[in-house]
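The structure under discussion appears below in the form of structure tokens.
Residue numbering restarts at 1 for every chain, and letters A, B, ... go by the order of the sequence lines.
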Number of protein chains: 4
Amino acid sequence: MGVVKTKRMPRAVREQQMLDAAVRIFGQRGYMAASMDDIAELAGVSKPLVYLYLNSKDDLFSAVIRREAAALTEAVREAVRLDQPADRRLWDGLLAFFTHTAQHPDAWSVLHLHARTHGERFAAEVTEMRRDIVTFVTRLVAVAAREAHGNPALADEEVAGLAEALVGAAESLATWANATEGVTARQTAATLMNFAWSGLGNLMSGNRWTPSTARP
Amino acid sequence: MGVVKTKRMPRAVREQQMLDAAVRIFGQRGYMAASMDDIAELAGVSKPLVYLYLNSKDDLFSAVIRREAAALTEAVREAVRLDQPADRRLWDGLLAFFTHTAQHPDAWSVLHLHARTHGERFAAEVTEMRRDIVTFVTRLVAVAAREAHGNPALADEEVAGLAEALVGAAESLATWANATEGVTARQTAATLMNFAWSGLGNLMSGNRWTPSTARP
Amino acid sequence: MGVVKTKRMPRAVREQQMLDAAVRIFGQRGYMAASMDDIAELAGVSKPLVYLYLNSKDDLFSAVIRREAAALTEAVREAVRLDQPADRRLWDGLLAFFTHTAQHPDAWSVLHLHARTHGERFAAEVTEMRRDIVTFVTRLVAVAAREAHGNPALADEEVAGLAEALVGAAESLATWANATEGVTARQTAATLMNFAWSGLGNLMSGNRWTPSTARP
Amino acid sequence: MGVVKTKRMPRAVREQQMLDAAVRIFGQRGYMAASMDDIAELAGVSKPLVYLYLNSKDDLFSAVIRREAAALTEAVREAVRLDQPADRRLWDGLLAFFTHTAQHPDAWSVLHLHARTHGERFAAEVTEMRRDIVTFVTRLVAVAAREAHGNPALADEEVAGLAEALVGAAESLATWANATEGVTARQTAATLMNFAWSGLGNLMSGNRWTPSTARP
DNA sequence: TATGAATGAGCGTTCATTCAT
DNA sequence: TATGAATGAACGCTCATTCAT
């Protein structure tokens with residue numbers, strides 16, 4: 001089990017092996033339940049080496065978060081082509097997102113569940129990544145408003161709220177998809193895209209629901 | 001700090017105090033990081049008494065989940081009046097949901113974050129509650145399709161997917177609202193209702209987006 | 001399970017119920033592993049009552065030892081008739097002993113295993129009983145020497161050693177018999193009587209083995 | 001008190017130190033009353049190291065039993081010379097047995113008292129050793145019957161019963177000798193040998209006692 | 001570059017015992 | 001006569017972390 005025990009690797013390689021092991025253990029057990037012993041064993045090295053390279057459990061967790069957050073944003077960014085219309089860009093982004101989270105469930109577990117569950121410091125690190133993505137989606141939505149519906153009059157706060165809801169829904173769906181057998185990334189992306197695009201479209205046309213329209 | 005130390009309470013009262021303390025500690029620290037010592041201290045009793053009444057950390061966590069899940073579903077159920085039209089019922093439900101989660105952030109933390117993160121047994125207990133709510137929303141959406149749009153032709157699976165997305169979005173938003181200063185339950189409910197109702201409306205009219213409509 | 005819960009018994013009766021329960025629990029689990037909770041529950045009373053009547057775990061254990069030691073010596077004493085010849089008295093004593101230990105295995109467990117295993121105080125209490133029995137047997141052996149073999153010349157220390165060996169063998173056999181299926185008290189008594197009487201007889205005739213008789 | 005604190009020993013050495021300490025603590029207090037803290041302190045190491053090497057209290061106890069059982073059987077086996085006549089072999093075995101139990105009273109306490117008192121698993125481990133010895137003695141008795149008395153006609157079951165009684169008496173005497181001041185191993189062995197050899201001799205000559213021979 | 005040896009501190013759990021009624 | 005409520009003290013065990021090489 002774990003990495004085959006190989007001696008005398010260069011530091012950079014060893015570090016990646018340790019991070020790989022850490023992602024798996026943290027992702028499956030959470031921060032507190034993960035033990036440095038297990039991580040070291042899975043990485044195929046002795047515990048002192050882990051401390052030598054990664055300093056402490058906190059720092060190790062932090063390094064995992066940063067590496068995986070970067071990988072996820074990178075995957076989404078690479079998938080989106082700027083010469084495409086807004087709806088296509090949204091679709092490509094969603095598909096890349098769900099594909100990545102499906103291929104790296106432990107990493108997604110760390111980012112979405114465990115990092116936000118254990119202490120301000122780690123939550124902050126994820127929040128940063130999240131802000132990147134929300135900003136990206138926000139722009140997309142704003143552009144989409146003009147491009148697809150010719151209606152620039154969506155208030156900024158409203159755009160922010162919508163982006164937040166969209167991202168939140170995506171996060172929820174990613175976790176749900178990983179926990180559910182037989183759901184492909186494509187299907188998940190389609191479900192959300194369909195829902196979102198329709199909602200947006202309707203909003204753009206000024207067709208909205210408010211409590212006051214309900215009969216008391 | 002914590003509850004004022006009061007001696008010789010009847011068992012039922014003490015148990016509730018313990019559960020109150022447990023909700024706070026579990027909600028803020030998670031299952032693993034919560035210590036029975038801290039819970040006992042916050043409850044104003046000695047640790048052995050906690051064990052005498054609640055048996056074990058697992059059982060205590062389980063009791064917390066069951067109590068808070070019941071409270072949340074009850075809050076939503078009470079808010080919804082059957083003699084109202086579907087849209088109004090959805091709105092009332094959402095408002096009650098976000099109000100409750102805002103007023104009991106630790107309880108929501110336990111239910112949404114920690115219970116699902118720590119072990120099958122607890123996840124199962126939350127899943128049960130969730131199924132109740134998803135079923136409730138599913139019916140609402142189906143009824144809404146007929147009532148508001150005169151279009152009964154929404155496929156069952158599609159309804160289920162929509163309900164899942166809706167509930168997932170609601171859960172995400174609840175957590176986000178609790179973590180964000182100055183967001184009221186009413187605002188959160190409005191954002192989601194607006195988004196959802198518009199999306200649904202559009203879907204009912206057969207207006208949907210699929211990847212194939214995008215230019216390759 | 002345990003004693004049927006009956007309220008308001010006279011003290012003497014309650015005490016016996018508690019001692020009964022204590023014998024079972026102590027006998028089956030040993031002093032340390034026995035819990036006052038279990039004893040109180042088996043006795044059908046609340047824990048404070050046990051403390052009210054028996055003071056402490058130590059005192060309870062002590063009371064058990066004294067009661068059971070008295071019962072055992074009494075059983076042996078009653079079986080032996082002074083108007084019988086020595087060999088018959090030995091036989092009757094052995095039979096009574098093995099019968100009693102077989103009928104009260106938990107009591108025997110307490111006396112032979114647990115009391116001598118846990119602390120000077122309790123060991124001393126058993127030792128007292130043991131001394132009674134050893135003295136009794138010693139006299140028997142001395143008398144037997146005269147009666148059956150007409151040889152009074154067995155040294156006192158030798159008689160003591162033999163009695164010790166005889167009692168030790170009896171104790172060992174009692175425990176062994178209780179742990180072995182299908183062995184009756186009568187059989188056990190016969191085995192030992194046979195062995196002992198033969199050995200004694202031979203000794204009386206001056207037929208003994210010493211290391212010096214062995215070839216170096 | 002305890003072993004002088006020496007740092008950085010190889011594992012094998014430390015393990016023996018821990019077992020030494022465990023024998024003393026278990027032997028003097030019994031399994032339940034022995035605390036891992038005390039054992040660690042007596043061994044001159046911290047508690048985690050004991051767990052690192054010996055896994056658990058149960059495993060530690062088990063290791064102690066196995067080591068001491070092996071040592072005892074080895075001591076007896078080494079003392080017995082096959083080129084000696086049966087009576088001499090029995091004497092040598094007894095002497096070695098009582099010498100070893102006198103020199104390692106705590107070990108004997110563990111084997112005879114505590115291991116058989118605490119749980120099936122440990123009892124089984126001792127029973128195995130005991131069976132070895134009983135078998136050894138059984139053969140000796142059978143051979144002795146032929147060699148010394150020219151009477152091969154002792155029934156198998158009878159031989160087994162005698163061996164059991166002999167071993168039981170030896171065990172009892174070992175414990176008694178350790179608890180009694182001023183008794184040497186040689187004296188103890190002589191007492192038993194004398195008793196046993198005489199008894200055997202008499203039995204071989206067909207001279208036995210049965211209840212029916214007693215006057216009613 | 002790499003590790004065997006070692007520990008301080010804490011956690012979940014239990015138990016004998018007492019208080020107030 | 002009898003008990004529900006409550007706790008101080010310990011115990012088995014684990015873990016993040018360091019030292020010496």
Would one find a side-chain N or O of [X] under 4.0 angstrom from OP1 or OP2 of [N]?
X: Y51(A); N: dC19(F); answer: no
X: R11(A); N: dA2(E); answer: no
X: R14(D); N: dG4(E); answer: no

Checklist entry - When you match D37(B) and M9(D) each to their closest nucleotide on DNA chain E, which lands nearer the 5' end? => result M9(D)
Next on the checklist: Go nucleotide by nucleotide along DNA chain E from the 5' end; which of K47(B) and Y31(C) gets its closest nucleotide reached first?
Outcome noted: K47(B)
Can you check the [X] [atom1] to [N] [atom2] distance for me, whole Å?
X: H118(B); N: dG12(E); atom1: NE2; atom2: P; result: 11 Å
X: I39(A); N: dC15(F); atom1: CD1; atom2: P; result: 12 Å
X: E41(C); N: dC15(E); atom1: CD; atom2: C1'; result: 15 Å
X: M32(C); N: dT14(E); atom1: CE; atom2: P; result: 15 Å
X: L52(C); N: dT17(E); atom1: CG; atom2: P; result: 14 Å
X: M18(A); N: dT1(E); atom1: CE; atom2: P; result: 10 Å
X: L54(A); N: dT18(F); atom1: CG; atom2: P; result: 14 Å

Next on the checklist: Pick the closest DNA chain F nucleotide for K57(A) and for D58(D) by heavy atoms, then say which residue is nearer the 5' end.
Outcome noted: D58(D)
Next on the checklist: If you count every heavy atom of other residues, nucleotides or ligands that lies below 6.0 Å from E128(A) atom CD, does the total exceed 12?
Outcome noted: no
Checklist outcome for this item: Taking Watson-Crick and G-U wobble contacts under 3.5 angstrom, with | marking pairs to another strand and [ ] crossing pairs, the secondary structure of DNA chain E is written .||||||||||||||||||||
Item to check | Chi angles and distances behind the side chain to side chain contact (heavy atoms under 4.5 Å, CB included) call for L60(A), M36(A) | outcome: CA-CA 10 Å; L60(A) 172 56; M36(A) 295 296 272; 4.1 Å; yes
Checklist entry - D38(A) and salt bridge (charged side-chain N to carboxylate O under 4.0 Å, His left out): which partner among K57(A), R29(A), K47(A)? => result R29(A)
From [options], nucleotide with atom closest to [X] side chain:
X: S46(B); options: dT3(F), dA6(F), dC15(E); result: dA6(F)
X: S35(A); options: dT7(F), dC15(F), dC15(E); result: dC15(F)
X: P48(C); options: dA5(F), dG4(E), dC15(E); result: dA5(F)
X: M36(B); options: dG12(E), dT17(E), dG4(E); result: dG12(E)

Checklist entry - Using 4.0 Å as the upper bound for N to carboxylate O, is an ion pair formed by R67(B) and D20(B)? => result yes
Next on the checklist: For a quick check of understanding: with a heavy-atom distance under 4.0 Å over all strands, which category does A34(A) fall into, base, sugar-phosphate or nothing?
Outcome noted: sugar-phosphate
Item to check | Y31(A) and F26(A) aromatic ring geometry - parallel, tilted or perpendicular at 30°/60° bounds | outcome: parallel
